[in-house]
Novice: 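This structure is in structure tokens; I'll ask about it shortly.
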Amino acid sequence: VEAATKIYGGALVCINRSGRATKGAVSTTLKCVGVADALADNSAGAAGAISVKTKRGTFKFGNSASTDQVTLADVGASAYIVDDQTVAKTNGSSTRSVAGTIRDVESDGVWIEI
């Protein structure tokens with residue numbers, strides 16, 4: 001886990017340019033690798049002091065509240081990372097990394113396959 005980073009259980013986990021795990025955020029350089037299995041608190045530690053277990057599969061995340069909401073018409077397309085618990089329909093004018101593939105959309109969230 002990257003230095004000074006806290007990753008919550010159930011949150012999107014990404015690998016940054018340094019090869020360290022970090023939480024999902026707006027960035028073009030992150031690679032989404034899964035969802036945190038449990039809390040990984042490295043907020044007071046050096047880079048690599050702890051690790052985080054992740055799992056892959058299909059998980060529900062919040063839908064962007066902006067005009068960039070994912071809809072049922074987007075199933076099968078890529079979803080993009082807004083933060084560690086929210087995805088959007090587009091890359092935000094080339095500012096966001098891919099979270100995974102949209103599998104379903106419900107009133108309370110978006111199912112993403114990672």
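Predicted model, so just to flag it, every value in this text is computed and none were measured.
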Novice: In plain terms, say whether Asp68 and Lys89 are close enough for a salt bridge, that is, a side-chain N and a carboxylate O under 4.0 Å apart.
Specialist: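 No, this pair does not count.
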Novice: Is the shortest side-chain heavy-atom distance between Ile112 and Val87 below 4.5 Å?
Specialist: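 The answer is yes, as the side chains (C-beta and beyond) meet within the 4.5 Å cut-off.
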Novice: Working note: Ile102 + Val110, criterion side-chain contact (heavy atoms from CB on, under 4.5 Å); need CA distance, chi angles, decisive distance, verdict.
Specialist: CA-CA 7 Å; Ile102 301 163; Val110 181; 4.1 Å; yes
Novice: So which heavy atom on Cys14 is nearest to which on Cys32, and how close?
Specialist: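 Closest approach of Cys14 to Cys32, heavy atoms only: SG-CA, 3.9 Å.
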Novice: Which atoms form the tightest heavy-atom contact between Leu30 and Lys23, and what is the distance?
Specialist: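 Smallest interatomic distance, heavy atoms only, reads CD1-O, 4.2 Å.
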Novice: So, applying side chain to side chain contact (heavy atoms under 4.5 Å, CB included) with Leu12, which one of Ile81, Thr86, Val82 is it?
Specialist: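 The option that passes is Ile81.
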Novice: Would the distance check show the side chain of Arg103 and the main-chain N or O of Thr58 forming a donor-acceptor pair, the cut-off being under 3.5 Å?
Specialist: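 No; zero donor-acceptor contacts below 3.5 Å.
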Novice: Of all heavy-atom pairs between Val13 and Ala21, which one has the smallest distance, and what is that distance?
Specialist: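 Shortest heavy-atom contact: CG1-CB, 4.1 Å.
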Novice: Side-chain heavy atoms nearer than 4.5 Å, only ILVMFWY residues, links allowed to pass through others: does that put Phe61 and Leu39 together?
Specialist: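 Cluster IDs for Phe61 and Leu39 differ.
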Novice: Closer than 3.5 angstrom, by distance alone: can the side chain of Asn63 be matched with the main-chain N or O of Val70 as a donor-acceptor pair?
Specialist: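 Yes; at least one donor-acceptor contact below 3.5 Å.
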Novice: Please identify which of these residues, Asn91, Thr95, Val26, meets the side chain to side chain contact (heavy atoms under 4.5 Å, CB included) condition with Tyr80.
Specialist: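 That would be Asn91.
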Novice: Any side-chain heavy-atom pair from Val35 and Ile114 closer than 4.5 angstrom?
Specialist: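 They are in contact (side-chain heavy atoms under 4.5 Å apart), so the answer is yes.
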Novice: Take Val52 and Asn42 through the test side-chain contact (heavy atoms from CB on, under 4.5 Å) and record every step on the way to the result.
Specialist: CA-CA 10 Å; Val52 60; Asn42 199 31; over 6 Å; no
Novice: Under a 3.5 Å distance rule, please check whether Ser97 uses its side chain to pair with a backbone N or O of Ser27 as donor and acceptor.
Specialist: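 Yes, the answer is positive, given that a donor and an acceptor are paired below the 3.5 Å cut-off.
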Novice: To the nearest 0.5 Å, what is the distance between OG (Ser64) and CZ (Arg96)?
Specialist: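 Answer for the OG-CZ pair, Ser64 versus Arg96, is 5.5 Å.
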Novice: Keeping Thr5 on the side-chain end and Ala3 on the backbone end, is there a donor-acceptor pair under 3.5 Å?
Specialist: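 Between the backbone of Ala3 and the side chain of Thr5 there is a qualifying donor-acceptor contact (under 3.5 Å).
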Novice: CG of Asp84 to NZ of Lys6: how many Å apart, nearest 0.5 Å?
Specialist: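 Going from CG on Asp84 over to NZ on Lys6, the span is 12.0 Å.
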Novice: Going hydrophobic residue to hydrophobic residue with side-chain gaps under 4.5 angstrom, can you get from Ile50 over to Ile7?
Specialist: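 Linked, Ile50 and Ile7 end up in one cluster.
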Novice: Does the side chain to side chain donor-acceptor pair (under 3.5 Å) test come out yes or no for Glu2 and Asn16, once each step is laid out?
Specialist: CA-CA 8 Å; Glu2 186 59 80; Asn16 64 18; 2.7 Å; yes
Novice: Answer yes when Lys60 and Asp108 have at least one side-chain N-carboxylate O distance shorter than 4.0 Å, and no when they do not.
Specialist: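 Salt bridge: yes.
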Novice: Can you see which heavy atom on Gln69 is nearest to which on Asp74, and at what distance?
Specialist: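 The answer is O-OD2, 4.1 Å.
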Novice: If I compare all heavy atoms of Tyr8 with all of Ala36, which pair ends up nearest, and what's the gap?
Specialist: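 In this case the closest contact between Tyr8 and Ala36 is O-CB, 3.3 Å.
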